[in-house]
Amino acid sequence: MSKIVTRFPPSPTGHLHIGGARTALFNWLYARHNQGTFILRIEDTDTERSTREMTDSILEAMDWLGLDWDEGPYFQSRRFALYQEQIEALLQSGRAYYCRCTPEEVEAMRQEARQKGEKPKYNGRCRDLDLGPGPGRVVRLKAPLSGQTVFQDLIKGANAVDNRELDDFILRRADNTPTYNLAVVVDDALMGITCILRGDDHISNTPKQVMLYQALGFALPDFGHVPMILGPDKKRLSKRHGAMSVLEYREQGYLPEALINYLVRLGWSHGDQELFEPKELVDKFSLNNLGKSACIFNLEKLDWVNSQHIKNKQPAELAGALLSRLHKKGLPEIDRGYAEKIVPLLQPRVRTLEQLAEQATFFALPDQDLDYDRELLENYFTVEIKGYLQELLAELKRLDEFSQSGLEDLVAGFLKERGIKFKLLAQPIRIALTGKKASPGLFETMEVLGRERVTNRLSRVLEMLDANRISSGKVGDSYGI
RNA sequence: GUCCCCAUCGUCUAGCCCGGUCCAGGACACCGGCCUUUCACGCCGGCGACGGGGGUUCAAAUCCCCCUGGGGACGCCA
């Protein structure tokens with residue numbers, strides 16, 4: 001088998017979105033799995049809408065996803081000479097011709113066809129006029145008028161279109177720039193692309209491209225049209241459906257491997273397996289397991305996949321992300337070692353890195369900045385509990401080994417001596433230490449916080465309660481900052 | 001409108017190619033329960049689908065046809 005060459009050809013008219021990322025992923029996987037070559041090509045023939053900014057954004061997204069390319073990025077805008085050459089060749093051989101019809105005239109033809117119940121198309125008025133170049137003139141392909149154009153689709157199987165359905169489409173615009181269909185075919189052929197995997201919204205212009213391959217005398221590559229990703233309303237994925245750009249997912253705290261995992265499972269499967277690491281995908285990927293039907297993007301499932309990948313990470317791998325997100329939230333710096341101890345407590349509890357940062361906030365906040373909700377204090381701290389906490393505080397200060405097991409032992413003894421249940425004290429302690437009703441396990445939280453924070457927070461709450469006489473039913477105006 | 005593509009739980013899917021092992025399996029979500037110091041995680045259980053109609057066959061989710069439904073394309077965008 002000859003070497004497989006795939007490509008991903010985004011147009012820099014927008015960010016890399018979910019659908020594009022999946023297409024890129026399939027091409028990348030197919031190339032990697034077969035030890036082939038993966039090429040990145042920027043399709044910027046639409047000089048009006050293409051921007052440098054979007055190119056950079058796309059490259060950044062590819063990079064973040066880990067979809068590395070072997071060649072490129074090539075820019076079509078720098079390859080115009082190549083396209084002109086091929087167009088000239090087509091003109092020479094009589095397979096293309098100049099057309100002087102205006103856009104308005106063509107539009108009228110389309111209207112007419114539509115009214116006759118036919119497919120809207122150019123009617124070939126200039127086809128046999130043998131026109132030469134001139135201002136405002138475009139170049140059209142002299143497409144076959146009868147017969148069928150057929151191709152074998154790697155995913156959907158045989159595909160045939162009656163040539164009467166197609167028209168003499170434009171190869172070169174009036175401003176002399178090549179159109180998409182011409183440029184892709186020339187590039188794919190010249191770059192030696194052996195397999196084109198793309199969204200199935202392209203399936204209906206594949207016959208046009210096949211005609212071009214034939215007119216140009218190039219060998220046909222394999223085509224594979226992957227089903228589209230739809231929004232929850234079954235419409236084409238768009239901004240209405242929330243985040244579109246891959247970079248927005250990064251922003252929201254998704255791991256690149258999780259996004260990849262989720263995306264690949266949209267249309268592809270490997271038995272009942274749900275979770276994959278990128279390396280594993282390269283190994284297991286095959287076109288045979290690709291589905292044919294469109295699928296709907298489901299954020300809940302992505303969240304779950306992300307949570308699973310978060311759980312499987314080494315804490316050290318997540319610490320950096322935690323640090324930078326905390327920093328972005330304007331929280332004071334904490335050291336890396338501390339962050340690495342916080343992470344494992346939160347790993348099973350978060351679905352995104354953003355949630356990781358949110359839930360880590362109480363760890364990072366200086367003791368005196370921890371805010372307490374007035375109602376929590378009112379509801380959870382009775383005089384009795386306050387008393388116990390005073391006593392516990394004293395013991396905590398004296399504890400030799402301030403570790404999870406040391407703490408557990410200490411508290412167990414404390415409870416036993418007084419004949420009370422842990423349930424009585426757990427929530428009050430939790431609230432005092434974290435300011436919240438939900439947190440990781442108390443003993444592990446205490447160990448990570450360390451003696452100083454634990455005792456500070458406890459005494460601060462006790463003082464606040466005293467100052468405001470909350471436990472006796474009288475309350476002050478504010479607690480904490 | 002015309003052409004093309006597609007069709008298993010709400011969603012992602014296994015099974016379909018090579019008909020019987022499928023009164024259809026897994027996952028997300030949802031609902032119960034267990035675990036438990038809270039919240040999660042985890043574990044156990046539940047709900048839930050072969051779009052409809054015709055064939056072919058002893059037998060169809062699996063093969064064929066029609067219908068319906070959904071999507072896409074019909075650009076001097078890509």
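- Backbone-only contact: A:Arg351 has heavy atoms under 4.0 Å from sugar-phosphate atoms and none from a base.
- Separating the C1' atom of B:rG20 from that of B:rG10 is a span of 31 Å, rounded to the nearest Å.
- Every side-chain contact (heavy atoms from CB on, under 4.5 Å) that A:Asn306 has, sequence neighbours left out, goes to A:Tyr254, A:Leu255, A:Ala258, A:Ile310, A:Thr352.
- A:Gln308 comes within 4.0 angstrom of sugar-phosphate atoms only, judged by non-hydrogen atoms across all strands, and of no base.
- Searching all strands for a Watson-Crick or G-U wobble partner of B:rC16 with both distances below 3.5 Å returns nothing.
- No donor-acceptor pair under 3.5 Å is formed between the side chain of A:Thr45 and the backbone N or O of A:Tyr180.
- Taking 3.5 Å as the limit, the base of B:rC41 and the side chain of A:Arg349 contain no donor-acceptor pair of atoms between them.
- Ranking B:rA78, B:rC12, B:rA14 by closeness to the A:Leu266 side chain, first place goes to B:rC12.
- The side chain of A:Asp272 sits closest to B:rG26 out of B:rG26, B:rU37, B:rC12.
- When atom types are taken as modelled, the side chain of A:Ser50 and the backbone of A:Thr47 share no donor-acceptor pair closer than 3.5 angstrom.
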Can you give one letter per nucleotide of nucleotides 70-75 of chain B, 5' to 3': B if a protein heavy atom sits under 4.0 Å from the base, S if only from the sugar-phosphate, - if neither?
-> -SSSBS
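- A:Arg41 and A:Glu43 are joined by a salt bridge, as a carboxylate oxygen and a charged side-chain nitrogen come within less than 4.0 angstrom of each other.
- Within the shown strands, B:rG33 is the pairing partner of B:rC43 under the Watson-Crick or G-U definition, both distances less than 3.5 Å.
- Rounding to whole angstrom units, CG of residue A:Asp168 and P of B:rC76 are separated by 12 Å.
- Counting non-hydrogen atoms under 4.0 angstrom, A:Ile296 reaches the backbone sugars and phosphates but no base.
- Residue contacts for A:Cys99: at a heavy-atom cut-off of 4.0 Å it reaches no nucleic acid atom on any strand shown.
- For A:Ala438, taking side-chain heavy atoms from C-beta onward, the closest of the listed nucleotides B:rU38, B:rC41, B:rA7 is B:rU38.
- Nucleotide B:rG1 has B:rC74 as its partner under the Watson-Crick or G-U criteria, with both atom distances under 3.5 Å.
- Between A:Lys301 and B:rU13 there is no side-chain N or O to OP1 or OP2 distance below 4.0 Å.
- The backbone N or O of A:Tyr388 lies less than 3.5 Å from no partner atom in the side chain of A:Glu391, so there is not a single donor-acceptor pair.
- Residue-level contact check: A:Ser307 touches neither bases nor backbone, having no heavy atom under 4.0 Å from any strand.
- Among the protein residues, A:Gly441 comes within range of the nucleic acid bases, having at least one heavy atom under 4.0 Å from a base atom.
- Between A:Glu105 and A:Arg125, at least one side-chain N (NZ, or NE/NH1/NH2) sits under 4.0 Å from a carboxylate O, which counts as a salt bridge.
- When the P atom of B:rA78 is taken as reference, atom CG of A:Asp187 falls 12 Å away, rounded to whole Å.
- What separates CG of A:Leu345 from P of B:rU38 is a distance of 17 Å, to the nearest Å.
- As judged by a 4.0 angstrom heavy-atom cut-off over every strand, A:Asn159 is placed among residues touching the sugar-phosphate backbone only.
- A side-chain donor-acceptor contact under 3.5 Å links A:Arg127 to the backbone of A:Ala143.
- Counting any heavy atom pair closer than 4.0 Å across all strands shown, A:Pro440 reaches a base atom.
- Note that CG of A:Leu141 is 12.5 Å distant from SG of A:Cys99, once rounded to the nearest 0.5 Å.
- Figure legend. B:rC9 is base-paired to no nucleotide; pairs are counted as Watson-Crick or G-U wobble with both atom distances under 3.5 Å.
- Side-chain N/O atoms of A:Gln273 include none lying less than 4.0 angstrom from OP1 or OP2 on B:rC12.
- Taking atom C1' in both B:rG70 and B:rG51, one finds a spacing of 11 Å when rounded to whole Å.
- The residue A:Lys311 sits close only to the backbone: its heavy atoms come under 4.0 Å of sugar-phosphate atoms, none of a base.
- Nearer the 5' end of RNA chain B, as judged by each residue's closest nucleotide, is the contact made by A:Ile155, out of A:Ser439 and A:Ile155.
- The distance from atom CG of A:Asn163 to atom P of B:rU2 is 20 Å, rounded to the nearest whole Å.
- Residue contacts for A:Lys437: at a heavy-atom cut-off of 4.0 Å it reaches a base atom on one of the strands shown.
- Residue A:Glu274 places a side-chain atom within donor-acceptor reach of the base of B:rG26, judged by atom type and a 3.5 Å distance cut-off alone.
- Between A:Ser11 and A:Glu408, the residue anchored closer to the 5' end of RNA chain B is A:Glu408, taking for each the nucleotide with the nearest heavy atom.
- Ring to ring, A:Phe285 and A:Phe26 are close: their centroids are under 6.0 angstrom apart.
- Residue A:Phe443 is classed as a base contact, given a heavy-atom separation below 4.0 Å to a base.
- Of the candidate nucleotides B:rU38, B:rU13, B:rU11, B:rU38 has the atom lying nearest to any side-chain atom of A:Gln427.
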